[in-house]
Engineer: 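Have a look at this one before I ask anything.
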Amino acid sequence: MKKKYFIYFIIIASAILMIYNITELDFNNLKKGPFGGIVSMVLLILAMILTLRDIKKDENK
């Protein structure tokens, strides 16, 4: 059960950091944007969602 809470915490923290990175984008000059941070947050959120699904499958067995 603690794993689920930790995963939810990581998802929420990643979403907050992704929103922060999006607000830091300079739409007048997109070449100097924090695209690496945004992409890494999206990948982290996807990985945590897949991990959460796997944990729920294991609990149902």
Engineer: With sequence neighbours left out, which residue pairs that include part of residues 2-19 fulfil the salt bridge (Lys or Arg N to Asp or Glu O under 4.0 Å) condition?
Structural biologist: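 Only Lys4-Glu59 qualify under salt bridge (Lys or Arg N to Asp or Glu O under 4.0 Å).
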Engineer: Membership question, hydrophobic clusters at under 4.5 Å side-chain separation (ILVMFWY): are Tyr8 and Ile49 in the same one?
Structural biologist: yes
Engineer: Say you draw a straight line from CG of Asp58 to CZ of Arg53; how long is it, rounded to the nearest 0.5 Å?
Structural biologist: 13.0 Å
Engineer: Would you say that Phe35 contacts Asn21 through its side chain, given a criterion of any heavy-atom pair below 4.5 Å between the two side chains?
Structural biologist: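 No. Closest side-chain heavy atoms not under 4.5 Å.
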Engineer: Do Ile16 and Tyr20 come close enough that some side-chain heavy atom pair is under 4.5 Å?
Structural biologist: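 They are not in contact (no side-chain heavy atoms under 4.5 Å apart), so the answer is no.
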Engineer: Membership question, hydrophobic clusters at under 4.5 Å side-chain separation (ILVMFWY): are Met18 and Leu43 in the same one?
Structural biologist: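 They do not share one cluster, since no chain of ILVMFWY contacts under 4.5 Å joins Leu43 to Met18.
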Engineer: Do the non-hydrogen side-chain atoms of Ser14 and Ile10 ever get within less than 4.5 Å of each other?
Structural biologist: yes
Engineer: Look up atom CG in Leu46 and atom CD1 in Ile11, then write down how far apart they are to the nearest 0.5 Å.
Structural biologist: 9.5 Å
Engineer: Membership question, hydrophobic clusters at under 4.5 Å side-chain separation (ILVMFWY): are Ile45 and Ile12 in the same one?
Structural biologist: no
